[in-house]
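Every heavy atom of this structure was used, including side-chain atoms; hydrogens, water molecules and symmetry mates were not.
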Amino acid sequence: MILDLFFPNRCISCNRIIAGDLLVCELCFVQIHFTHSDYFGENSIKEQCRLLFPAENTYGLMQFEKEGLSRKIIHELKYKGRENAGKVIASWTSERLDFKGEKPDLLVPVPLHPKKLRERGYNQLHLYTRTLSDFYNIPCDLGLVRRNHYSKAQALKDKKHRLETETAFSLTRKITGTHILLIDDVFTTGNTVSSIAWEFLNAGDNKVSVLVMAVDV
């Protein structure tokens, strides 16, 4: 295409020209630190989540490093308008996450406040969630959870402030008897997923597992 000639896609790490549906070149891909964690076993996310709520299973794709490539990838997705990065990260996830015949019933992403959605133009988790939904043949509901309060990005808050964040979510419909896989981009303190998880747990006989793109613990 003509646009590809004048504005070729480049690796976000080394700036080499790459195919339009990629984020990084083959040489830089090996620099991504995938966690290789066990969805059904013990991992750092599960340890942290179970201090906050009874998580079923947990999985983090990448290790979030302040100066690492995973941080650049997440920031491209969230702040640089690279919505399609969600599809790429979903492909990496599907290559590594095996539900082993015990799939959750529903995929649900963490929502943005409507004001933040208008500012950004998209929810960075929606394409990721839809892509995984198609791959695993698990339904998703992008509007099941509502964020009630507008606040600055968690990444801009200090740790103490994040720990003090109030519960700011509600469900848009009644749900019961469902195993929900709650999806977020970066896991830090676990407060966000915990707040949403309790909405599901208090609503009925539900179970909650957690999937994140990157782990910062």
Side-chain angles (χ1 to χ4, degrees), residues 9-16 18-19 21-49 55-100 104 107-110 112 120 122-136 138 140 153-157 159 162 181-194 196 209-217:
N9 186 38
R10 293 182 179 273
C11 172
I12 65 173
S13 179
C14 70
N15 210 37
R16 288 187 179 90
I18 56 177
D21 59 347
L22 299 178
L23 288 174
V24 295
C25 68
E26 291 183 3
L27 293 176
C28 292
F29 182 78
V30 297
Q31 299 175 26
I32 301 173
H33 292 161
F34 293 105
T35 66
H36 305 292
S37 62
D38 183 357
Y39 172 74
F40 295 99
E42 297 303 312
N43 55 59
S44 60
I45 304 176
K46 187 173 293 184
E47 291 175 4
Q48 185 67 24
C49 280
E56 291 292 321
N57 304 301
T58 59
Y59 184 84
L61 177 66
M62 299 178 286
Q63 190 67 47
F64 189 85
E65 299 159 327
K66 294 297 186 291
E67 304 301 325
L69 186 50
S70 61
R71 182 179 183 274
K72 290 183 180 180
I73 291 168
I74 298 297
H75 278 231
E76 287 286 318
L77 170 64
K78 294 180 68 173
Y79 307 120
K80 299 295 182 65
R82 294 285 295 270
E83 182 180 9
N84 195 57
K87 189 172 185 177
V88 178
I89 301 170
S91 71
W92 298 344
T93 303
S94 63
E95 291 169 357
R96 292 165 176 80
L97 174 57
D98 184 359
F99 291 118
K100 300 177 181 177
L107 308 184
V108 177
V110 170
L112 292 178
R120 187 170 296 168
Y122 60 94
N123 182 320
Q124 71 274 9
L125 298 173
H126 281 184
L127 182 56
Y128 178 74
T129 302
R130 289 198 302 267
T131 304
L132 292 178
S133 174
D134 290 341
F135 178 84
Y136 290 111
I138 303 172
C140 66
Q154 288 280 17
L156 301 179
K157 298 178 181 180
K159 189 170 184 179
R162 291 200 301 267
L181 182 62
L182 186 57
I183 298 175
D184 203 0
D185 45 32
V186 181
F187 184 96
T188 51
T189 65
N191 277 6
T192 296
V193 293
S194 175
I196 298 174
S209 292
V210 175
L211 167 63
V212 296
M213 297 176 178
V215 186
D216 184 18
V217 293

Has [X] got a side-chain atom pairing as donor or acceptor with [Y]'s backbone, closer than 3.5 angstrom?
X: Arg120; Y: Lys78; answer: yes
X: Asp185; Y: Ile74; answer: no
X: Gln48; Y: Thr189; answer: yes
X: Lys46; Y: Gly41; answer: yes
X: Gln63; Y: Ala214; answer: no
X: Ser70; Y: Met62; answer: no

Inset, instruction - Only counting residues at least two apart or in another chain, list the ones meeting salt bridge (charged side-chain N to carboxylate O under 4.0 Å, His left out) with Lys100. - result: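 Lys100: no salt bridge (charged side-chain N to carboxylate O under 4.0 Å, His left out) contacts found.
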
Inset, instruction - Mind checking salt bridge (charged side-chain N to carboxylate O under 4.0 Å, His left out) for Lys80 and listing every partner two or more places apart, or none if nothing turns up? - result: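 Listed in chain order: Glu76.
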
[atom1]/[X] to [atom2]/[Y] distance, rounded to the nearest 0.5 angstrom?
X: Asn123; Y: Leu112; atom1: CG; atom2: CG; result: 4.0 Å
X: Tyr122; Y: Leu127; atom1: OH; atom2: CG; result: 10.0 Å
X: Ile45; Y: Asp216; atom1: CD1; atom2: CG; result: 11.0 Å
X: Met213; Y: Ile89; atom1: CE; atom2: CD1; result: 4.5 Å
X: Leu97; Y: Leu61; atom1: CG; atom2: CG; result: 9.0 Å
X: Phe64; Y: Ile73; atom1: CZ; atom2: CD1; result: 10.5 Å

Of all the heavy-atom pairs spanning [X] and [Y], show the shortest one and how long it is.
X: Pro104; Y: Tyr39; value: CD-OH, 4.3 Å
X: Cys14; Y: Cys25; value: SG-SG, 3.6 Å
X: Asp38; Y: Asn43; value: O-ND2, 3.0 Å
X: Cys49; Y: Thr58; value: SG-CG2, 4.3 Å
X: Leu132; Y: Ala90; value: CD2-O, 3.6 Å
X: Val24; Y: Leu69; value: CG1-CD2, 4.1 Å

Legend entry - Worked verdict on Leu125 versus Asp184 for side-chain contact (heavy atoms from CB on, under 4.5 Å): CA-CA 7 Å; Leu125 298 173; Asp184 203 0; 3.9 Å; yes

Legend entry - Derivation and outcome, side-chain contact (heavy atoms from CB on, under 4.5 Å), residues Leu181 and Ile138: CA-CA 10 Å; Leu181 182 62; Ile138 303 172; 6.0 Å; no

Legend entry - Phe29: ring-ring contact (aromatic ring centres under 6.0 Å, His included) partners, not counting sequence neighbours: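 Only Phe34, Trp92 meet the ring-ring contact (aromatic ring centres under 6.0 Å, His included) criterion with Phe29.
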
Legend entry - Reference residue Leu211; test side chain to side chain contact (heavy atoms under 4.5 Å, CB included); the match among Thr93, Leu107, Leu182: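 With Leu211 as partner, side chain to side chain contact (heavy atoms under 4.5 Å, CB included) holds for just one option, Thr93.
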
